Amino acid sequence: MAEQVGFVGLGIMGQGMAHNLLKAGFSVTVWNRTASKMEPLVEAGARAGRNPADVAAQSDIIVICVSDTPDVEEVILGEGGILEGVKAGSLVIDCSTISPIVTQHIAQTLAERDVAMLDAPISGGSEGAANGTLAIMVGGDAKDFDRAMSVFEAMGKTITHVGEIGAGQTVKLVNQILVVGHALALSEALLFAQAGGVDLRKAIKAVEAGAAGSWMLSYRGPQIVERDWRPGFTIDLQQKDVRLILDAADKLGVPLPGTGLIFQLYRTLQAQGLGSEGNHGLVKALEHLAGFKIEPPTD
Ligand code: NAP
């Protein structure tokens with residue numbers, strides 16, 4: 001019999017990922033803390049679980065996509081958590097971006113109950129989650145990676161086994177150093193283009209296919225030009241990731257001066273109450289310093 005899949009955490013990313021599991025033909029049981037977010041999945045054919053323990057009891061493979069390290073601890077180890085319902089021989093896949101060290105501790109606790117774990121953080125934004133084109137970086141045993149492959153293939157396109165448990169999270173932080181660096185470069189480039197009096201949309205089109213191209217430029221550049229701050233990824237979650245990077249870099253003794261600066265710039269935006277806007281809002285911190293703003297086109 002095909003493996004039963006559970007999904008815990010139906011936020012911006014989890015919605016698309018769970019829908020794609022259903023589209024791939026998996027039988028899926030879902031749970032979300034805010035119950036209303038389960039409705040579109042139930043309409044699409046999923047069962048609604050009562051809590052993470054119930055989801056685990058009905059599943060062989062349980063995928064998690066919640067916000068931060070304490071949230072993953074809560075849905076696995078807390079009251080009504082996965083550990084209370086999970087069957088021996090099950091596999092837990094955590095797609096949230098959290099601490100690599102806590103990931104290893106949780107995996108140990110699950111292993112004592114004969115439950116395997118993969119850390120499988122994701123990249124590709126809300127668009128990648130909706131379209132099933134995520135990049136998924138996976139840590140854990142090769143046999144568990146092989147077991148999970150059909151689940152990964154339903155949600156993502158570039159699926160890479162990067163090492164032992166926790167290695168997926170470390171590679172995800174590598175990814176996030178690049179993402180925030182691109183966001184800063186994009187912000188400075190657009191302000192410079194605006195001051196130089198060029199059409200911003202044409203400037204993006206002219207450079208995106210060359211050496212300066214990036215996902216951030218192509219997807220979030222046009223949003224900045226339109227002053228559309230709807231989040232694919234919120235400033236609060238971006239700041240959480242930069243904190244995870246700086247914590248890990250501190251332990252490793254690696255200097256990351258650029259990433260440290262970006263941490264402080266995001267903090268100024270949080271201080272202004274902008275934490276629920278998209279991470280491309282980083283440009284607002286630079287607008288403040290520059291004394292002018294990106295103007296949306298008039299046509
Ligand atoms: P989101 O839209 O804010 O959703 C967060 C989800 O976590 C919601 O379902 C929320 O439930 C749930 N949650 C948070 N704390 C919880 C707790 N203590 N107990 C139970 N449920 C809890 O965030 P997202 O953008 O989908 O991101 C989810 C994860 O993916 C994060 O780790 C993020 O860093 C990572 N990620 C995001 C992106 C992106 O572009 N958005 C890309 C790559 C990776 P409620 O609905 O009840 O609040």
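Bear in mind that the values here come from a model prediction, so they are computed numbers and not experimental data. Counting starts at 1 for both ligands and their atoms, in listed order.
Salt bridge annotation for R201-E226: present, with a cationic side-chain nitrogen under 4.0 angstrom from a carboxylate oxygen. Remark: D68 engages R243 in a salt bridge, criterion side-chain N to carboxylate O under 4.0 Å.
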Tabulating one pair per line, provide the atom names and distances (0.1 Å) for every N/O atom of ligand 1 that is less than 3.5 Å from a protein N/O atom.
residue	atom	partner	partner atom	Å
ligand 1	2 (O)	I12	N	2.8
ligand 1	9 (O)	L10	N	3.2
ligand 1	9 (O)	G11	N	3.3
ligand 1	9 (O)	N32	OD1	2.6
ligand 1	15 (N)	D71	OD1	3.3
ligand 1	18 (N)	D71	OD1	2.9
ligand 1	18 (N)	E74	OE1	3.3
ligand 1	26 (O)	I12	N	3.1
ligand 1	26 (O)	M13	N	2.8
ligand 1	32 (O)	V66	O	3.0
ligand 1	32 (O)	S67	O	2.8
ligand 1	32 (O)	T97	N	3.0
ligand 1	32 (O)	K240	NZ	3.2
ligand 1	34 (O)	K240	NZ	2.8
ligand 1	40 (O)	G232	O	3.2
ligand 1	41 (N)	G232	O	2.7
ligand 1	46 (O)	N32	ND2	3.0
ligand 1	46 (O)	K37	NZ	2.6
ligand 1	47 (O)	R33	NE	3.0
ligand 1	47 (O)	T34	N	2.9
ligand 1	47 (O)	T34	OG1	2.5
ligand 1	48 (O)	R33	NH2	2.9

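Between S96 and D94, the side chains place a donor N or O and an acceptor N or O closer than 3.5 Å (distance only, hydrogens not considered). There is no side-chain donor-acceptor pair under 3.5 Å between R267 and Q264.
Two residues are said to be in side-chain contact when any heavy atoms from C-beta on lie closer than 4.5 Å; F7 and W31 fail this criterion.
With H280 as the partner, the ring-ring contact (aromatic ring centres under 6.0 Å, His included) test is satisfied by one option alone out of F233, Y266, W229: W229.
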